[in-house]
Amino acid sequence: MFSALFRLLAFGHKPRFADWPAPPEVLPTLDLATGALGPLRFGAPLDDIRAFGRPDRHTPIPPHSHDFLYAPLGLSVEFDEDAGLDYLAFLIAPDSYDPKHPRLRHCAPHLSTGQVLGPATTEADLRRLFGAPTHDDRDEDETILYHLAHGLRIECELNPAGTLKRLNIYPHQPG
């Protein structure tokens with residue numbers, strides 16, 4: 001009660017996301033063919049994130065972007081005010097670059113084609129699923145495979161043991 005009163009007195013309004021619905025309890029299905037994660041589609045306007053629910057953290061990224069963290073879902077979503085939804089990051093296994101949040105959990109995205117990507121997914125699994133990468137980047141800390149599918153750039157980050165730790169997806173910008 002006192003914290004709500006303090007927020008009202010200090011800022012003169014309720015928190016930005018207070019009236020947003022709760023986020024989903026499980027990660028929605030990822031449909032690469034349509035570029036959608038549940039109700040969110042690549043290119044959707046910033047206002048559409050409300051349908052996905054209240055974020056655990058919102059970080060404005062100047063000049064025109066916003067990052068929304070859904071910690072229990074292991075999901076980071078970025079919007080550009082002009083381009084709309086332009087980035088999804090699925091946090092699949094522990095990584096030193098994971099966002100710091102007490103409720104952070106790792107996820108196992110379910111694809112609309114029936115596959116599940118989890119911390120046991122290997123490079124061979126990813127090659128079977130997405131085909132040969134357009135290129136890769138390898139060092140002692142990680143391997144990143146870059147794939148193109150359905151007009152999307154799919155980055156698969158693997159740990160030194162060769163299993164998936166993070167999946168980044170964004171619209172492909174030829175050029």
Side-chain angles (χ1 to χ4, degrees), residues 17 20-59 66-80 83-134 136 142-172:
F17 308 108
W20 285 25
E25 291 188 19
V26 297
L27 196 62
T29 299
L30 175 61
D31 187 337
L32 295 173
T34 63
L37 176 65
L40 297 179
R41 295 191 186 294
F42 281 103
L46 178 61
D47 290 344
D48 283 9
I49 190 69
R50 188 180 196 287
F52 203 70
R54 189 174 45 253
D56 292 284
R57 181 185 307 152
H58 166 248
T59 307
H66 300 266
D67 179 70
F68 296 88
L69 176 64
Y70 293 90
L73 297 176
L75 177 68
S76 180
V77 179
E78 286 186 20
F79 276 84
D80 177 274
L85 174 61
D86 68 348
Y87 177 80
L88 295 171
F90 299 90
L91 311 171
I92 295 171
D95 182 32
S96 61
Y97 294 104
D98 281 347
K100 305 304 179 226
H101 193 281
R103 295 179 356 121
L104 183 67
R105 302 289 175 267
H106 292 94
C107 67
H110 291 250
L111 302 180
S112 61
T113 53
Q115 293 88 357
V116 177
L117 302 176
T121 302
T122 65
E123 181 174 342
D125 297 330
L126 295 166
R127 286 174 177 271
R128 278 191 295 279
L129 181 60
F130 299 124
T134 59
D136 61 36
E142 68 181 358
T143 296
I144 305 175
L145 306 175
Y146 298 88
H147 298 271
L148 289 176
H150 308 287
L152 300 172
R153 171 69 67 188
I154 303 168
E155 295 178 358
C156 306
E157 297 183 17
L158 294 93
N159 60 33
T163 57
L164 191 61
K165 65 178 181 173
R166 184 177 177 130
L167 184 72
N168 305 308
I169 304 174
Y170 51 93
H172 174 62

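Here the structure is a predicted model, which is why all the values come from computation and not from measurement.
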(Q) Which residues pass the ring pair (Phe, Tyr, Trp, His ring centres under 6.0 Å) test with Phe52, not counting sequence neighbours? (A) Tyr70
Q) How far apart are the closest heavy atoms of Ala44 and Asp48, and which atoms are they? A) CB-OD2, 3.4 Å
Q.
Restricting to non-hydrogen atoms, name the atom on Arg127 and the atom on Ala132 that form the minimum distance, rounded to 0.1 Å.
A. NH1-CA, 4.2 Å
Q) Quick one: do the Asp136 and Thr143 side chains pair a donor with an acceptor below 3.5 Å? A) no
(Q) So, taking the atom named CG in Leu27 and the one named CZ in Phe90, what distance separates them when rounded to the nearest 0.5 Å? (A) 5.5 Å
Q) Less than 4.5 Å apart, any side-chain heavy atom of Ile154 and any of Phe130? A) yes
(Q) Go through it in stages, so that I can follow the logic: the residues are Phe17 and Ile49, the test is side-chain contact (heavy atoms from CB on, under 4.5 Å), and I'd like the CA-CA distance, side-chain angles, deciding distance and then a yes or no. (A) CA-CA 11 Å; Phe17 308 108; Ile49 190 69; 6.0 Å; no
**Q.** Separation between CG of Asp31 and OG of Ser112, rounded to the nearest 0.5 Å
**A.** 3.5 Å
Q: Could you tell me which non-hydrogen atom of Asp67 sits nearest to which non-hydrogen atom of Ser76, and how far apart they are?
A: OD1-OG, 2.7 Å
Q: Taking the side chain as every heavy atom from C-beta outward, state whether Gln115 and Asp125 have any pair of such atoms under 4.5 Å apart.
A: no
(Q) So Leu158 and Leu126, do their side chains get closer than 4.5 Å, heavy atoms only? (A) yes
(Q) Do Leu117 and Leu129 have side chains that approach each other closer than 4.5 Å (heavy atoms only, starting at C-beta)? (A) yes
Q. How many angstroms lie between atom NE2 of His66 and atom OG1 of Thr59, to the nearest 0.5 angstrom?
A. 10.5 Å
Q | Shortest non-hydrogen contact between Pro39 and Ala51, atoms and distance | A | CG-O, 4.4 Å
Q. If you take all heavy atoms of His147 and Cys156, which pair is closest and at what distance?
A. CD2-SG, 3.9 Å
(Q) Any non-hydrogen side-chain atom of Arg41 less than 4.5 Å from a side-chain atom of Leu85? (A) no
(Q) For the OH atom of Tyr97 and the CG atom of Leu91, what is their distance to the nearest 0.5 Å? (A) 14.5 Å
Q. Among Ile92, Thr29, Leu88, Val116, which one satisfies side chain to side chain contact (heavy atoms under 4.5 Å, CB included) with Pro109?
A. Ile92
**Q.** Among Arg54, Arg57, His58, the one residue meeting side chain to side chain contact (heavy atoms under 4.5 Å, CB included) with Phe68
**A.** His58
List the atom pairs, donor and acceptor, that lie under 3.5 Å between side-chain atoms in residues 162-169 and the rest of the protein, sequence neighbours left out.
unit_1 : atom_1 : unit_2 : atom_2 : d
Thr163 : OG1    : Pro119 : O      : 3.3
Thr163 : OG1    : Asn159 : OD1    : 3.3
Thr163 : OG1    : Asn159 : ND2    : 3.1
Lys165 : NZ     : Asp95  : OD1    : 3.0
Lys165 : NZ     : Glu142 : OE1    : 2.8
Arg166 : NE     : Asn168 : OD1    : 2.8
Arg166 : NH2    : Tyr87  : OH     : 3.2
Asn168 : OD1    : Tyr87  : OH     : 2.8
Asn168 : ND2    : Glu155 : OE1    : 3.3
Asn168 : ND2    : Glu157 : OE2    : 2.8

**Q.** Side chain proximity check, Cys107 to Leu75, heavy atoms < 4.5 angstrom
**A.** no
Q: Look up atom NE2 in His101 and atom CG in Leu69, then write down how far apart they are to the nearest 0.5 Å.
A: 6.0 Å
